[in-house]
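Only one structure is covered here, and it is reproduced in the block below.
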Amino acid sequence: MKTYSLLSFLFLLSTYALQAQEKPLNIIMIGAHPDDCDIKSGGTAALFVAMGHKVKFLSVTNGDAGHMKEGGGMLAKRRLEETREVARRLGVTYEVLDNHDGELLPTLTIRLDVIRRIREWNADVVIAPRTNDYHPDHRYTGILVQDAAFMVGVPNVAPDTPPLGKNPVFLYFQDNFKKPNPFQPDIAVDISSVIDKKIYSLDAHQSQFYEWLPWIGRNTEEVPEGKSERLDWLKKTRGSGISPEVKISLQKWYGSVKADQVKFAEAFEICEYGSRPNEQDIKRLFPMLGK
């Protein structure tokens, strides 16, 4: 009887451990505009979803200024519909907050909204822009998330939403800005296997990649007319280049042989304001690393 009880206990223990290991991760990626998360981490999101984990994209503004002809409520509605198509193509959840594009400030009201969204998602990982960026909306989104990093666990802040019982790992999206400090690729993810899925999600933002961004970038003549030609053009112009620093990070996580084969990658920097993950934590939170 004692032997049977011991065996039963060990079986239950092993079952519980397996279930705990297989529990889906909750990842929330926060951008300033309704295409920022897609650009910076669409491939990583696709890998998470394929592995059974839950990913949410959150846009802090509604994107109602990002066009040369359209604007206001009609543009915000169009961009919201584009995010819904992205959600369908990528398998993510996509939410857009109703703050004006180009007018974002790191106010207490918006900070509380961000805290609530992180809590509601029960986030294990939070990814957002760094605070040194060309766009004020990007910078202030970074500040909002930094300011939320500790507060997500404080019960008396936004008390209408239960606090997290853990502090998530906070990360930054990759950027190319060098001053006052350059981006540090602590984590690099091989997205070569899902690059076409990422590009297909970007294609859903018709108002941006084929209209607004080419107009503001003064290269509208480069935009192809055909559907397949546009996807090829997006892949050529929006495929994430691999810098020497990202290559070193890929070598760390995948080994030199596999790193040499990587054609497309996305990288992230660890923010000091959240939990401080060690290498084992990172492998648990990014289970695609090394595969």
Side-chain angles (χ1 to χ4, degrees), residues 17-31 37 39-58 90 92 118-119 121-131 142 145-146 148-150 152-153 164-176 181-195 198 240-291:
L18 180 62
Q19 290 174 342
Q21 184 180 7
E22 295 178 348
K23 181 181 178 182
L25 296 165
N26 297 320
I27 315 297
I28 185 167
M29 302 172 174
I30 303 177
C37 295
I39 295 171
K40 295 293 188 178
S41 57
T44 303
L47 290 172
F48 272 123
V49 170
M51 300 180 80
H53 304 293
K54 299 177 181 178
V55 178
K56 178 172 183 173
F57 287 177
L58 176 67
L90 267 188
V92 302
I118 294 172
R119 288 176 175 177
W121 199 246
N122 192 25
D124 297 294
V125 177
V126 181
I127 314 180
R130 292 199 305 155
T131 56
V145 176
Q146 285 182 350
F150 175 73
V152 294
L164 293 181
K166 61 179 183 302
N167 192 216
V169 170
F170 285 76
L171 305 173
Y172 297 121
F173 295 126
Q174 182 178 0
D175 62 60
N176 296 317
N181 53 295
F183 171 83
Q184 179 176 307
D186 297 311
I187 302 166
V189 178
D190 175 12
I191 63 165
S192 304
S193 64
V194 291
I195 185 60
K198 174 179 179 175
S240 303
I242 300 176
S243 68
E245 294 80 11
V246 171
K247 182 66 174 292
I248 292 172
S249 186
L250 286 168
Q251 291 171 344
K252 173 182 177 179
W253 297 110
Y254 292 88
S256 297
V257 175
K258 179 67 183 294
D260 287 340
Q261 300 170 356
V262 175
K263 295 181 179 180
F264 303 93
E266 291 170 345
F268 309 96
E269 179 178 342
I270 297 170
C271 171
E272 295 177 308
Y273 297 165
S275 292
R276 304 289 186 90
N278 57 32
E279 188 169 320
Q280 184 177 357
D281 294 328
I282 292 172
K283 288 180 178 179
R284 176 179 61 83
L285 294 170
F286 285 80
M288 71 286 290
L289 292 177
K291 293 181 169 58

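All residue numbers in this chain count up from 1 along the given sequence. Only a predicted model underlies this, so the values are computations on that prediction, with no experimental measurement involved.
The number of heavy-atom neighbours closer than 6.0 Å to CD of Gln261, taken from other residues, nucleotides and ligands shown, is above 12.
In this structure, the side chain of Ser192 does not engage the main chain of Val262 through any donor-acceptor pair within 3.5 Å. The backbone N or O of Phe183 sits nowhere less than 3.5 Å from a side-chain atom of Asp175 that would complete a donor-acceptor pair. Using a distance-only test at 3.5 Å, with no hydrogens or angles considered, a donor-acceptor pair links the side chain of Ser243 to the main chain of Val246.
Here the closest non-hydrogen pair linking Pro168 and Ala123 is CG-O, 3.3 Å. The shortest non-hydrogen separation linking Gly43 to Val194 is O-CG2, 3.4 Å. What you find for Phe170 and Ile118 is that their closest heavy atoms are CE2-CD1, 4.2 Å. The minimum heavy-atom distance linking Ile30 with Pro129 is given by the pair O-CD, 3.3 Å. Closest of all the heavy-atom pairs between Val92 and Ala45 is CG1-CB, 4.3 Å. Closest of all the heavy-atom pairs between Gly52 and Pro24 is O-CB, 3.6 Å.
Between Ile27 atom CD1 and Leu171 atom CG the span is 8.5 Å, to the nearest 0.5 Å. Between atom NZ of residue Lys247 and atom CG of residue Asp260 there is a gap of 4.5 Å, rounded to the nearest 0.5 Å. Rounded to the nearest 0.5 angstrom, Asp190 CG and Ile242 CD1 are separated by 7.5 Å. Expressed to the nearest 0.5 Å, how far CD of Gln146 lies from SG of Cys271 amounts to 5.5 Å. Within the model, atoms CD of Glu269 and CZ of Phe173 stand 13.0 Å from one another, a figure rounded to the nearest 0.5 Å. Here the CD1 atom belonging to Ile127 is positioned 8.5 Å from the SG atom belonging to Cys37, to the nearest 0.5 angstrom.
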Audit row: Lys258, Leu250, side-chain contact (heavy atoms from CB on, under 4.5 Å) steps and yes/no | CA-CA 8 Å; Lys258 179 67 183 294; Leu250 286 168; over 6 Å; no
Please walk me through it: do Val189 and Leu289 pass side-chain contact (heavy atoms from CB on, under 4.5 Å)?
-> CA-CA 6 Å; Val189 178; Leu289 292 177; 4.1 Å; yes
Take Lys198 and Glu266 through the test side-chain contact (heavy atoms from CB on, under 4.5 Å) and record every step on the way to the result.
-> CA-CA 11 Å; Lys198 174 179 179 175; Glu266 291 170 345; 2.7 Å; yes
Evaluate the criterion side-chain contact (heavy atoms from CB on, under 4.5 Å) for residue pair Lys291 and Trp253; output intermediate values, then yes/no.
-> CA-CA 9 Å; Lys291 293 181 169 58; Trp253 297 110; over 6 Å; no
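Between Leu164 and Asn122 the shortest side-chain heavy-atom distance falls below 4.5 Å. Proximity of Arg130 to Asn181: side-chain heavy atoms (C-beta onward) are separated by under 4.5 Å at one or more points.
Ring planes of His53 and Phe48: perpendicular class, angle over 60° (limits at 30 and 60°).
Side-chain atoms of Gln280 and Asn278 include no donor-acceptor pair closer than 3.5 Å. Looking at Asn26 and Lys56, their side chains never bring a donor and an acceptor atom within 3.5 Å of each other.
Partner of Val125 under the side-chain contact (heavy atoms from CB on, under 4.5 Å) criterion, chosen from Ile282, Leu285, Ile28, Val55: Leu285.
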